[in-house]
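A quick write-up on the structure given underneath.
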Amino acid sequence: MTTDSQITAAPQRRPLAARIGRIAFLVIAAIVAVAVAAAVFLVWTIQRSFPQTEGTLELDGLKSSVAVQRDARGIPTITADSTHDLFFAEGFVHAQDRFFEMDFRRHVTAGRVSEMFGESQVGTDSFLRTLGWRDVAEAEVAAMDETTLGYYQAYADGVNAYLASHSGAELSLEYAVIGMQNADYAPEPWTPADSVAWLKAMAWDLRTNVEDETERALLAGELAASGSDAAETRTTIDELYPGYPFDENPVIVPKISSVPEADTDADVAAFTPGSGSEAQAASATIDWQTASDVVEAASLLVGDVGEGIGSNSWVVSGALTESGLPLLSNDPHLGAALPSVWYQVQLKCSKVTDSCPFDVGGFSFSGLPGIVIGHNQQVAWGFTNLTTDVTDLYIEKIDGDQYWRDGALVPLEERTETIKVAGGDDVTLKVRSTVHGPIISGLVDDFTALADDPGAALAAGGAASVPAEEGAEYAVSLRWTALDPGTASTAIFALATAKDFEDFRKAASLFDVPAQNLIYADTEGNIGYQAPGRLPIRGAGDGWMPQPGWDSAYDWSGFIPFEDLPVSYNPASGYIVTANNAIVTDDYEHFLSKDWDYGYRAARIAHLIERRSATAPLTAQDMREIQMDSEMWIGKQLTAAFVDVEVSGAGPKAAVELLRGWDAQNDASSAAAAFANVLWSNLVQNLFAEREPALPIDGQGRLFTVVGALLDDPSDALWINASIDVAGMDEMLALSAEEAYAELSARQGTDVDAWNWGDLHALTLTSSTLGESGIAPIEWLFNRGPYPVSGGASVVNATGWKLGTSYATTTVPSMRMVVDLADLDASSWIHLTGASGHAFHEHYTDQTEDWASGVQQPWAFSKKAVDAATAQTLVLTPLLPEG
C-alpha cells in the first residue's frame, strides 16, 4: 500500500512530449557536437596539405637560394642561379601544389592504378601494361644526354625534397581518404622516368584516329552482315567518313616555304642531344569508375576523350597588327579535368648565360620539368594536335605461340606482368606482341570483336582477304609511334631556349611524339609554322582501315625525313591558322592522314582575322575575342533548311521561329542556341542511330560535313528511315524539330524564351579519381560546378559534348593564351581551374569563372612586372650543416 508520504516523495513525472523533446534536444546536441568536431577535424585535415608560400624554407639538395614569387592567383615565378636549382625548385613547387595529381598520373602511365584503388582498375592496368608506356619512358631516360638527364634528375630531387617532410594527409586530402581503406599506401620517391611517361599519356590522348579506324572496321562487319557486299560497304563508309572539304575549308600550309635546312645535329643553347639522338631512330571498396573501353582506360589521366579533342592556334604578323609586331594565340582542347592538366609557371635564371639559359614562362605539366607552351625573351610558340595518322591496327593470324608472316610462322614475343591490387590478390598478365606491336584484342571489347570477325573490314579497306582456314585464330595488334623511344622529352628545353626560327626548327626536329603543329613568332617580327613528328611512310595500305599483319607489304617502311615536312615562314597572307585541319592538300608527296578535323574552326578563325584586319589593325583583345567565338556552322545550315519546313503544334512552331531569327552563336544565355543544339542532336540520331544497322554518330565536325551534303541533296536515301517511319527530308526535319521541342520543354519548361544553352551545356569539374568514387560525400569534397558555358562542338570556342548521351561539356579549351610580341607584359593567359590541386584551397578553381566568361588575366613577365604582381614570396635556401 502506498502512503501519502510516499506519494509526496515520489519524483514528478514530465509529460511524454516534454521527455521526448528533451531526448531530441540531447540527440541533436550530440549530433551537432559530433558534426562540429568532424568539421573541425575535416578543416584541419584539409589545411594540413596547403603549401607554405611565404618566408624561408631550408632544403637539402639546393646549391644556392631560390626565390618563388607567387601572384594573386598563386602562379609562381621561380628565379635561381643555376639550372640545377631552377628545376629542383620547379619540382618542389609542383609537389607543393599538385603532388597527388602527379602520383596518380605516374600510376596510370605505369599501369599501377590498382595499387591505389583496388580491383576495379585491373582492366585499366592490363591495357596500359600491354602498351608498355613505362618501359618506353625508361628507355628514353637511358638514352638522354647528360645535360637533359641533369634537368630531369634535379626536378626529381626537388619533388623528393618535398616528400621528405610530408606524408599522408600532409601531402593532399586524397591521401587521407585513401588511407581510410588502403592504410598501407605510401608514395614512392620520384624518378625521371615518372616525368617522361607523362608525355606518353599525352601522346595517347592526342593519338587521333584509332577509334575512327576501329569504328569503321566494326561498321564494315555490320553492313556485311546486313547484306552489303564489299563495294557497297565501302561506298556507305565513304559517305559517312567523307574526305576533307578542301574546296570549303583551309589547309595550314597552302605553299611550303623554302627555308635553310635545319642543322638538327647542332646544339641549341645549353642543350646537347648527345647519345639521345639515337633514340630518335582509394581502395577496393570504393566503387571507382571502371574503364569499359580503350578510350576510357587510358584517358583517366586528363578526362574523357570525346568530341572536341584538338586545339586552336594562330599567329598574325605585324603587317596586320596595331603594334607592328606579331600576336600569337593558342587554346589546346582536351578533356575537362580537375585540377587542370596545365600548370602555369615561369622559370628564370637570375643571370641568363650559356650555362643557365632559361628565361621562360608559360604552361607546364605537373610532374614534368620545363615549359611546354609559352614564350621566352625572343620567341613565342604554341601547339595544336597534328592529327596525322600515327596509329595503325593490324589483323594478325595466330597459331599457338606463333603468328604468320609472309608465309612462315614466327614466334610471338611474350612477357609477364604482375599487377598488384590493393586489398586483393596479385593478377598475372601475359603480354603478347608481334613485329607491329602489342596485341590489344582480348583486353577491349571493340578490338576483340574485330579479331573475331576481321574479314569485312579487310575487304572494305581493299586489303587481301582473310585466309579461309577453319579454326584460324586472329588478333589485333597496335602499331603506334609512341611505343618507340623518342626525344620529345628533350625537345621542350630546346624550345624554351630558342632565339630564332632556325633554333625553333632544330627544337621541332626533336619533337617527335605526340606530333604537333608548332606555330612561332619572334620579337623581330617573324612568324612561322613547322610540322614535326615521327610520321610513318606506309607500304600497301594507308591506315584508314585495319591491315593484314601476315603480309609485310603493309608494314611501315620508315618515317618522313624532317626536311620534307611542311614548313611556312612569313607567308604572304600575314597569318597562319592551325585548328587540326588538313596541313597540306592531297598532292603533297607523302600520305599524312585522311582523318583530319574537317576545318570549320580553322575557316572561321581565318575569316575573322581577315574581316577584322580589313577594317582596323588587330590587337590582343581581338585575339581574345576570336578565341571566344561560338558560331556553329551547321546551325546556319539548319536555319536555312527550316525556312519552308512546317511543324505541328504551337510550341514547336515557336521554337522554329527562334531558330529562324538566330545568329548561330552558341552563347550561354541563348534560347535559340539551346533549341538548335537539341534539334541537331535529334536530327543526327534520327538520320543515323535510329536505323538498322545503326550508323556511328561520333565526331560532330565529320557530321557537319555529312549532314551539310545531305541538306543540299533532298533525294539522298539517308533521308528515308523506315525504323522511325520517315520518308523524306522535310519529314525528317519536322520530326526532329518536334522531338527537340518536347525534349527541351521537359528540361527547361514550355516558355521557349526562357530556354538557355549555358545550363543545358554546363561543365561540372570532376576530379579524375575520388571525384568519380560513387560515394556522394567524397565526390562533394573534390568536385565543383556546374558552370554554365557557351560554345559547342566544332566551333572556335570548342566546348565539346557527346551526341546522343548528354549536352554537358566534356572537352574544353584547357587554357587560353595570347602573346603580344611587342610587349610581353601585355600578354594574357587563363586556364580551366587554378594553380592548386588541393580541394578547398583558394586557388583550386579560382580561374574557372573567368575561363567560362572568356576573361584572361595579365601575364607579367619582366622583372619589374613580376615584382609588382607578387603577392607572396617564398625563399628556398640550402640546408646548412649542423654545427
Side-chain angles (χ1 to χ4, degrees), residues 307 630-691 694-695 697 700 703-704 706-708 710-711 714 718-762 786 788-795 799-809:
E307 174 64 44
S630 294
E631 185 181 274
M632 182 184 180
W633 183 87
I634 196 64
K636 294 188 297 182
Q637 317 314 306
L638 290 175
T639 298
F642 269 87
V643 169
D644 297 319
V645 173
E646 293 294 328
V647 295
S648 299
K653 289 179 185 293
V656 169
E657 283 305 309
L658 273 180
L659 180 69
R660 289 169 178 160
W662 183 41
D663 62 1
Q665 287 284 336
N666 278 338
D667 294 331
S669 61
S670 172
F675 178 68
N677 281 273
V678 177
L679 166 61
W680 166 242
S681 178
N682 278 273
L683 175 61
V684 167
Q685 291 178 76
N686 286 335
L687 277 169
F688 306 115
E690 299 294 331
R691 65 171 69 237
L695 302 177
I697 58 172
Q700 295 197 47
L703 293 169
F704 282 9
V706 175
V707 176
L710 290 177
L711 290 170
L718 282 171
W719 288 116
I720 302 170
N721 187 351
S723 297
I724 54 173
D725 197 23
V726 169
M729 185 176 85
D730 284 0
E731 195 174 339
M732 179 73 78
L733 292 173
L735 173 65
S736 300
E738 291 159 8
E739 290 178 342
Y741 171 79
E743 179 183 349
L744 193 50
S745 61
R747 290 172 178 265
Q748 295 190 341
T750 57
D751 181 356
V752 299
D753 293 322
W755 293 342
N756 77 89
W757 174 232
D759 286 346
L760 191 65
H761 186 48
V789 296
S790 57
S794 212
V795 305
T799 51
W801 52 280
K802 182 72 170 175
L803 271 169
T805 301
S806 170
Y807 302 96
T809 295

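For reference, positions follow the sequence shown, starting with 1. Computed from a prediction, not measured in an experiment: that's the story for all the values here.
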Between [X] and [Y], is there a donor-acceptor pair closer than 3.5 Å when you use the side chain of the first and the backbone of the second?
X    : Y    : answer
Q665 : S630 : yes
S670 : N666 : no
E743 : E739 : no
R691 : L718 : yes

Does either side chain, that of [X] or that of [Y], offer a donor lying less than 3.5 Å from an acceptor on the other one?
X    : Y    : value
D759 : Q748 : no
E731 : W719 : no
S736 : N686 : yes

Once rounded to the nearest 0.5 Å, what's the spacing between atom CG of L687 and atom CG of L695? 9.5 Å
Looking at CD1 of I634 and CG of L711, how far apart are the two atoms once the value is rounded to the nearest 0.5 Å?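 Nearest 0.5 Å value for the CD1-CG distance: 5.5 Å.
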Is [Y] close to [X] at the side-chain level, that is, under 4.5 Å between some pair of heavy atoms?
X    : Y    : answer
D753 : L658 : yes
E657 : V752 : no
W633 : V795 : no
W757 : F675 : no
N721 : E690 : yes
V726 : I720 : no
E646 : K653 : yes
R747 : V678 : no

In terms of the angle between their ring planes, are W801 and H761 parallel, tilted or perpendicular, with boundaries placed at 30° and 60°?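 Taking H761 first and then W801, their aromatic rings stand perpendicular (interplane angle over 60°).
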Aromatic contact, W662 with F642 (centres under 6.0 Å):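 No.
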Check each of Q685, Q637, Q700 against W680 using the side chain to side chain donor-acceptor pair (under 3.5 Å) test, and report the only one that passes.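 Per the side chain to side chain donor-acceptor pair (under 3.5 Å) rule, the option paired with W680 is Q700, out of Q685, Q637, Q700.
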